[in-house]
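This report concerns only the one structure given below.
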Amino acid sequence: MDHIITKEKYSIVLKRKPDWKEIIFGEFLMLLDITESMFRRGSSVQSNSECANCNDEVLQAIVNNSIHMFENTEYGDMEEPKRHPSSTFDMDKLKSTIKQFVRDWSETGRAERDSCYQPIIKEIQRLFPSDRCDVSTVSVLVPGAGLGRLAWEIARLGYICQGNEWSFYMLFSSNFVLNRCEKVNSLTLYPWIHQFSNHKKSSDQTRAIQFPDVNPQSLPPTSDFSMVAGDFVEVYTEQDSWDCVATCFFIDTAHNVIEYIETIWKILKPGGAWINLGPLLYHFENMANELSVELSYEDLKAAIVNLGFQIEVERESVLATYTENEHSMLRICHQHQSLLGEKI
Ligand SMILES: C[S@@+](CC[C@H](N)C(=O)[O-])C[C@H]1O[C@@H](n2cnc3c(N)ncnc32)[C@H](O)[C@@H]1O
């Protein structure tokens, strides 16, 4: 619980950054075509701190709904927990979790989901078509599931689907959205208030998104959907147990990507399929005191084949984005590889 940024912590961290509007004013404003009072009020645009307060409310609801998630005792029953100031690491995790709400559970994220999740879903449907097999017996694992939308979509189609996630930020937030949110577009987040550069319009920074774009509890009653917490390589050790493993923007989160691929190979049933989509933006690259094995795609492919996969389909240079601000002047588009391997 120490690692969760509470209301106080989140606001404090945001307040530490002085607003340039409080430092630069006077004659300078004439150049901006606005009056000082408009400027102070932020004209019709909501201020960053108002937006941060709204984010706080959602974050507080997430924390409050996580109290019984992993243990039978309430965290409040324990001795007063030690409080540490939020680290840059904490804040980075928090910001990426807020942006993951856009990707996974908002209408704004639909195009990004279509480009990343749909190719995987279509491949699963091609390999295990509902008119030729009983999909309710086909098991699909999604490691690094984020806020669970890809796994949820696969379960919605009738497959047994399990998402696996390691980050508490993602786990608490996916628990909230999957188990506590029902009403479509009933909650609001301001995902871009932490981005201070590359806005075309001032109002772009305080743009809101609503979530969830669908009712997460609308899965058919017969569906078999679960989320499991823990490190992928530690949790999944049982040999020959999955029909399909689907990884999306995941394999580059490894310290050693070969370890992930060995695990995938081991847990797949013989003839089972691994579908992968994403870049090779190795997360531990350049991190002090962290092991990081950064293979090129060429070397990775050789390792995949040598480990015992037969590559059935390979698409190079597929363009996709990850938690992208579509209004930003700087947009990063990954040219990634997608690959289907069969365990032989
Ligand atoms: C780049 S995100 C991709 C999330 C999601 N698959 C998507 O496409 O939006 C990678 C996710 O993998 C999770 N992750 C990283 N290492 C992991 C591990 N060892 N076991 C399980 N999940 C892990 C991270 O917490 C993060 O949510």
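Start at 1 and go down the list; that is how both ligands and their atoms are numbered.
At least one donor-acceptor pair under 3.5 Å links the side chain of Asn65 to the backbone N or O of Ala61. Judged purely by atom type and a 3.5 angstrom limit, Gln205 uses its side chain to pair as donor or acceptor with the backbone of Ile193. Asn198 places no side-chain N or O within donor-acceptor distance of the main-chain N or O of Ser328, the cut-off being under 3.5 Å.
With no hydrogens or angles considered, no side-chain donor-acceptor pair links Glu314 and Ser338 at under 3.5 Å.
Residues Phe232 and Trp166 keep their aromatic ring centres 6.0 Å or farther apart.
Residues of the protein with a heavy atom under 4.0 Å from ligand 1 are Gln100, Arg103, Tyr117, Gly144, Gly146, Asn164, Glu165, Trp166, Ser167, Met170, Gly230, Asp231, Phe232, Cys248, Phe249, Phe250, Thr253, Tyr260, Tyr322, listed by chain and number.
Partners of Arg149 by salt bridge (Lys or Arg N to Asp or Glu O under 4.0 Å), not counting sequence neighbours, listed by chain and number: Glu153, Asp213.
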